[in-house]
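Naming convention: chains lettered A, B, ... in sequence-line order (proteins, then strands); numbering from 1 in each chain.
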There are 2 protein chains.
Amino acid sequence: MLKYSKQTRLLLAVDCIVFGFDGEVLKLLLIKRGFQPEKGNWSLMGGFVQADESLDQAANRILKQLTGLEGVYLEQLNTFGDPQRDPMERTVSVSYFALIDIQKYETQISADYHAEWFQLKRTPKLIFDHQEMVEQARKRIRYKAAMHPILFELLPTKFTIPQLQTLYECVFNTTIDKRNFSKRVLATGLLIKLADKDKAGSKRGAYYYQLNMQNYYAKFQAFMNFIPNPDSL
Amino acid sequence: MLKYSKQTRLLLAVDCIVFGFDGEVLKLLLIKRGFQPEKGNWSLMGGFVQADESLDQAANRILKQLTGLEGVYLEQLNTFGDPQRDPMERTVSVSYFALIDIQKYETQISADYHAEWFQLKRTPKLIFDHQEMVEQARKRIRYKAAMHPILFELLPTKFTIPQLQTLYECVFNTTIDKRNFSKRVLATGLLIKLADKDKAGSKRGAYYYQLNMQNYYAKFQAFMNFIPNPDSL
DNA sequence: TTTTTAATTGTGAAAACAACACTTAAAAAA
DNA sequence: TTTTTTAAGTGTTGTTTTCACAATTAAAAA
C-alpha cells in the first residue's frame with residue numbers, strides 16, 4: 001500500500017507518572033535515565049512507542065520493563081509536543097499516570113529495579129519537561145479524586161477509615177473533620193466493614209474496611225453540580 | 001548532535017472536533033477529506049504535525065487552514081494511537097476540541113471553505129476512528145460543563161438567559177426549571193444584565209446579558225464535592 | 001489500677017436544593 | 001383601541017445536604 005509521502009515522521013514516547021501512598025505521604029516513583037542525553041539523571045518511566053503497539057500497550061510495557069509493575073491503574077494524561085522538549089531530537093511524549101499501593105509492590109520494585117520513591121515535596125530535579133508532567137498529573141488526580149473514588153487505588157485491599165482520611169488530607173493538602181469524613185464516606189455505600197482491626201496505628205485499633213466492588217464500579221462515574229440530576233448522566 | 005538511532009518514527013496528526021450552537025441544537029463541523037485514503041468522505045478537521053511546530057500550534061494552524069477559524073477555544077482531548085487506525089500508514093492522532101459561536105463565523109466558514117455543520121444527532125459516517133473522537137469530546141464537554149462555565153464559548157457576546165438554558169438543556173439532554181436555572185446562573189455573579197432586549201424569540205423580549213470577564217476568569221476553576229472547601233484548590 | 005492514645009459516634013443550625021404557578025411586557029389580532 | 005397570545009420574569013416552602021462542634025470508649029502501656 002502507498003504511504004503518506006513528504007510528511008515528517010517523529011519519535012513518539014510514553015512517560016508514566018507513578019504515584020504511591022505509604023500511609024503518611026504521597027510519593028512519586030523515579031528512575032535514573034539509562035541513556036543519553038541526560039543519562040543518570042532522574043526521570044519518569046519513559047520509552048519509545050514501537051511500530052506495532054498501541055499507546056496503552058506501550059505505557060504498560062514500559063512500566064513493566066522499568067519497574068516490574070503490571071495490572072495497575074493507568075490513565076492517559078496529556079501529550080507534550082514542544083519541538084524543543086528533547087534537545088537530542090524532536091520527540092512527542094504521551095504521558096500516563098498510575099496509582100499504586102506502595103506496600104504491595106515495594107520489595108519487588110526496589111529489589112529488581114533501580115526505581116526509587118520520593119516524597120512529592122522532595123523530588124529531585126527532573127529531566128526535560130517531566131516536572132511539568134508531574135504537576136499536571138497532580139492537578140488531574142485532585143480534580144478527579146474530588147468527584148470519583150480513584151484514591152482507593154492507592155490503598156491496600158484492606159484499609160481503615162483513618163488511613164483513608166489521611167490520604168485525602170494529603171492529596172488535598174487540607175484537614176477534614178473526622179466525624180463528617182466518616183459519615184460521608186460510609187454514606188456512599190462503597191465500603192464493607194470487616195471484623196478485624198488494624199492495631200498498628202493505635203492502641204484501640206481501627207476497623208478494616210474493603211471496597212464493595214459492585215457499588216464501586218456502579219458509582220464510579222457519578223458526580224454532581226450545576227445540573228439538577230447529574231447522576232443520570 | 002546525535003539522534004536516537006534505531007527508534008521507529010511515526011506520523012503524528014492533529015484532529016479538531018469543532019462544536020457549535022445555533023440557538024436550538026448542538027452542531028458539529030465536518031469537511032470532506034481532500035486526499036487518499038477515504039478521499040471525499042466526511043472527516044474531522046485534521047492534518048499532520050510539522051517538524052517545527054508544537055501540538056497546539058498544529059491544531060490552530062489546521063483549524064485555520066480548513067475553516068478560517070482563529071482565536072477560538074481549543075483544548076487537547078486525547079491521543080489515539082491504535083496501530084491500525086489509519087489503513088494507509090500508522091498515524092497517531094492528538095485530538096482537540098473547539099467550542100465556537102456559529103453565528104460569528106457562519107458566513108466566513110461556508111463561503112470560503114467546504115466545511116459543513118451537522119446536527120450532532122444526524123452526523124454522517126466518519127472516517128477512521130473519528131466517530132469515537134466525537135463521542136469522547138461530547139463526554140468531556142458534558143463533564144467539564146457540569147462544573148465549569150465553558151458553554152459560554154458557544155454563545156455570542158450578548159445572550160439571553162433562555163438561550164443559555166436551551167444550551168444547557170441541549171448539552172445535557174434534559175429539561176431544567178427556568179426559575180431555578182436563572183437563580184442558579186445569576187447567583188454565580190458571572191453575568192451582567194444589559195439594558196436592551198432580544199426581541200427575536202418572543203413578543204415581550206428577553207434581556208441580554210454578557211459575561212463579567214473578571215469573575216469569569218476568577219471562578220473558572222472553582223468546583224465542589226467530597227471535600228469540605230474545594231473552592232480553595 | 002491508672003494513664004495514654006487514637007477510634008468511634010450524634011446533634012443542631014445554616015445553607016443549598018428542588019418543586020411548584022402566577023404575573024407581566026409587548027406584539028399581533030380583532 | 002381593545003383583546004388575545006406568547007414567552008419572560010419572578011418567590012415561597014419543604015426537604016436535603018452540609019458544616020461545626022466534643023464526649024466516650026477500646027486497648028495497650030505505664
Is B/R204 side chain donor-acceptor paired with the C/dT24 base, going by distance under 3.5 Å alone?
yes
d(OH, A/Y209; P, C/dT8) in whole Å
6 Å
With both distances under 3.5 angstrom, what nucleotide forms a Watson-Crick or G-U wobble pair with D/dA30?
C/dT1
Is the distance between the ring centroids of B/Y168 and B/F181 less than 6.0 Å?
yes
Tell me yes or no: between the side chains of A/S95 and A/N78, is some donor less than 3.5 Å from an acceptor?
no
Output the single nucleotide from C/dA26, C/dT8, D/dA8 whose closest atom is nearest the side chain of B/K199.
C/dA26
Let me know, please, whether A/K183 or A/Y208 comes out on the 5' side of the other along DNA chain C by nearest nucleotide.
A/Y208
Can you find a side-chain donor-acceptor pair between B/T160 and B/D198 that sits under 3.5 Å?
no
For B/I161 and D/dG9, what is the distance between atoms CD1 and P respectively, to the nearest whole Å?
7 Å
To the nearest angstrom, the CZ-C1' distance between A/R179 and C/dT8 comes to 11 Å
Would you say the side chain of B/K178 and the base of D/dA8 hold a donor-acceptor pair, judged only by whether the two atoms sit under 3.5 Å apart?
yes
Separation of D/dG9 atom C1' from B/Y207 atom OH, nearest Å, is 10 Å
Of A/K197 and A/N180, the one whose closest DNA chain D nucleotide lies more 5':
A/N180
Measure CG/B/D196 against C1'/C/dA26 and give the value in whole Å, please.
16 Å
Could you state the CG-P distance from B/L191 to D/dG9, rounded to the nearest angstrom?
12 Å
Taking 4.0 angstrom as the limit, do A/R140 and A/E75 come out as a salt bridge?
yes
Among C/dT9, D/dT10, D/dA27, which is the nearest nucleotide to the side chain of A/K193?
C/dT9
Within this structure, what is the CZ-to-P distance between B/F181 and D/dA7, rounded to whole angstrom?
18 Å
From the list C/dC20, D/dG9, C/dG10, which nucleotide is the closest neighbour of the side chain of B/A206?
D/dG9
If we ignore angles and hydrogens, is there a donor and acceptor under 3.5 Å between the side chains of A/Q214 and A/Y216?
no
Tell me the interatomic distance from A/I176, atom CD1, to D/dC19, atom P, rounded to whole angstroms.
11 Å
If you check every side-chain atom of B/P162, which of C/dA7, D/dG9, C/dT4 has the closest atom?
D/dG9
